[in-house]
Structure formats: structure tokens, C-alpha cells
Amino acid sequence: MPELPEVETMARELRPYVLGRAIRSFWCDRPAILGEPKDPHTLETLLTGRRIVATSRRAKIILFALDDGALLTYAPRMTGQFVVAPAGSPHESHERAGLELSDGMELRIRDARTFGRLNYYASVRAEPSEEGEGMRYLDARTGGDIFAALGPEPLDPHTNETVMLRLSARKYANQPIKSALLDQHFIAGVGNIYADESLWATKIHPQRKAGSLSLKETQRLFAAIRKILEVAVDHRGSTVGNYRSLGGPGRMQQHLAVYGRAGALCVACEETRLVKLKVGGRGTVICPHCQKL
DNA sequence: CCACGATCCTGCTAGC
DNA sequence: TGCTAGCAGGATCGTG
């Protein structure tokens, strides 16, 4: 399930196929994947003739900057992926939308469950934030950050553990630490896989109240999140389920300690079997010996 | 305001 | 063997 490392990999591997290309046409036969605008023909009018000048990532969202200042964004959510194929060539299953590019290729969105979302912002200015915590994407009309609802980027070198002090904020303090990690308002890019991995690595039980973590535990947790996400990016993400970037499946699944390993022995204590529980409605794997409430 | 569950959607699989 | 109920979970929305 694409989380930060998977989406980062998708954005990187997309670049050589789309940078500098103009958009000849756009199609979408499943408007459910469209956020704004919702009408495929409206979006086609906005996109046609535009050139893709940059691709990047914010949280679990891929960004395409266009030459007229617009921004096209795609959030793959659960099952969204990209396919590049010659324009008009036979479709794979579940292809829902496509951009025909000026080099004769077509960038298609393939999404079995159609949870992914394509959005268009007419005029967005990207600039480094004053705090030095990565880029801000500002609506040129209102000046507002179009991603204001998203928390900081864990891999940004300027994001430090002080952001974790927000754990004690009332909004997060009373919820399980795992739920806070999954909350994109709190920290951006962490999903079920890397939340479980980070908590296991720091021996923190996912059901601990976020506000109960000591400063030291908070710092260790943040360091673990960053480390694990970096390693996962290096391995091009985890291919569990159907995630796949243009460069093929990732390798991080071979290095996961808990996710998908319920019933297997904990690789840390080597004496206890991992168990699966539900936290905040999400499947969660822990080592009951290493992670105590 | 908050916590929790339902919802979206389809493929896969455990279990009968 | 074949069918089906239930699960998978990112994000949002509705309910108690």
C-alpha cells in the first residue's frame, strides 16, 4: 500500500517518462477517481497543450507541475499505480485514465479499487517554507497552502523531533500512538506498514496513549521513523499487495520485521511469536514480548 | 469536540 | 472443487 517510500519511488521513476513532455490529450472512463474538477472533459481542456515541467512528492501524493503554473496531483491511496505504454496500445486491466504525451507515449493510471484521486489546482506557487521544513505549495489566488492539512515531511532534514512534541497536544495525546502516526495531519507519509515497523523498532506498544510517551521515547520513535523510511526509499518501497512502481516491485518487504509476519518469530527476541491485533480499526502486528503496554 | 464506525471499491483468501 | 464471507487499509464522512 503506497506510503511515503512507495510514492517517492513512483515520483522518481516517473520523471524520465514525463519531464518536458507536453500533454496531447487526456481521458478518464471512471470519473470517481477525479477530485476537482470532477468532469473528465473539463480536466482535458485544462491539461491539453500543457507541458510537464517538474514531478515531486508531498506526503503520499505525486505532484506534476505544469508550464502554466497549474499543479496536477495524484494520490494512489490503496491500489493506484502508473503504466507507461505507447499511446493507443492495448490496456491492462483497471486502467482508468491516461495522458497522451508529445513523445507518443501514454501515462496511464491503473487502479483496481479506484480509491486513488486525481486533482487539479489552477495556479500554485512552490516555495521553500520559512521554517525550512520542505516546500510549501501556495494557491496563487488566496496565498493559502494547498496542503495545509498535511503534517511535516519526516524525511526533510529540517524537520526535527520537536514536531513530535505535538504528541502532547490535546488533539493527539489521548489517542493510541499508532493512530497518531497514521494521522496525516500529525506527520505526513506514514501508513500501516511503517507505523508498525517503527513502533516495533522502538519497542513501543501501538496502543500506548500518544501523550504518555516520554521525551526520550518520542525522540527514539521519530529517529526510527526517519531511518526506516530512508531504508525503504533505498529499497524502492515495499511490494505487499499490488504496489509496483514503473521500475518494478520494491525490495523493502524482505526487510520488514513485523508487517505481514503475524505468527512468525520476532526477529529481535527470537522467542515470541508476533501477534495481530486491531488498533484504531487497523490491522496491527506486534511482538507481545518486546512491546508492552 | 471527540472517538469510533461506515464508506468507498475490488481482488484475494480462508473456511466451509 | 466451488462458492462466499470477510479482510485488506488511505482518507473522508457520518453517527453517537
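Chain A is the first sequence line, chain B the second, and so forth, proteins listed ahead of strands; every chain is numbered from 1. Since this is a predicted model, take the numbers as computed values, not measurements.
- Ring to ring, A:Phe82 and A:Tyr74 are close: their centroids are under 6.0 angstrom apart.
- As rounded to whole Å, 8 Å separates atom P of B:dG11 from atom CZ of A:Arg96.
- Nearest nucleotide to the A:Arg77 side chain, out of B:dC9, B:dG11, C:dT12: C:dT12.
- Here the separation of B:dA6 from C:dG6, taken at their C1' atoms, is 15 Å to the nearest Å.
- Look at CG on A:Leu181: it is 15 Å from C1' on C:dG10, rounded to the nearest Å.
- Remark: aromatic rings of A:Trp200 and A:His289 are distant, center separation not under 6.0 Å.
- Residue contacts shown for A:Gly283 are limited to sugar-phosphate atoms, with no base heavy atom under 4.0 Å away.
- When rounded to the nearest whole Å, the span between CG of A:Asp183 and C1' of B:dC4 equals 14 Å.
- A donor-acceptor contact under 3.5 angstrom links the side-chain atoms of A:Arg113 to the base of C:dA8.
- Note: the hydrophobic cluster containing A:Leu181 does not contain A:Val279 (ILVMFWY, side chain heavy atoms under 4.5 Å, direct or indirect links).
- A:Glu6 and A:Tyr194 share a side-chain donor-acceptor pair at under 3.5 Å.
- A close approach under 4.0 Å does occur between a side-chain nitrogen or oxygen of A:Arg30 and OP1 or OP2 of B:dT10.
- Between A:His94 and B:dG11 there is a side-chain polar atom (N or O) within less than 4.0 angstrom of OP1 or OP2.
- Look at CD1 on A:Ile61: it is 14 Å from P on C:dG10, rounded to the nearest Å.
- Side chain of A:Lys60, nearest nucleotide from C:dA11, B:dT10, C:dA8: C:dA11.
- Distance, A:Arg282 CZ to C:dG10 C1': 7 Å, rounded to whole Å.
- Side-chain atoms of A:Thr202 and A:Arg220 form no donor-acceptor pair, as typed in the model, at a separation below 3.5 Å.
- At the phosphate of B:dG5, neither OP1 nor OP2 sits under 4.0 Å from any side-chain N or O atom of A:Lys278.
- Residues passing the side-chain hydrogen bond (donor to acceptor under 3.5 Å, both in side chains) test with A:Ser25 are A:Glu100, sequence neighbours excluded.
- The CD1-C1' distance, from A:Ile33 to C:dG10, rounds to 16 Å in whole Å.
- A:Arg117 places its CZ atom 12 Å from the P atom of C:dA11, with the value rounded to the nearest Å.
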Strand DNA chain B as a dot-bracket string - pairs counted if Watson-Crick or G-U with both distances under 3.5 Å, | where the partner lies in another strand: .|||||||.|||||||
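- For A:Asn192 and C:dA8, the shortest distance from a side-chain N or O to OP1 or OP2 is not below 4.0 Å.
- For the residue pair A:Arg12/A:Thr55, the side-chain donor-acceptor check at 3.5 Å is not satisfied.
- The NZ atom of A:Lys178 sits 18 Å away from the P atom of B:dA3 (whole-angstrom rounding).
- The P atoms of C:dG14 and B:dC9 are separated by 15 Å, rounded to the nearest whole Å.
- The side chain of A:Gln184 places an N or O atom within less than 4.0 Å of a non-bridging phosphate oxygen (OP1 or OP2) of C:dA11.
- Judged as a ring-ring contact (aromatic ring centres under 6.0 Å, His included), and not counting sequence neighbours, the contacts of A:His235 are A:His255.
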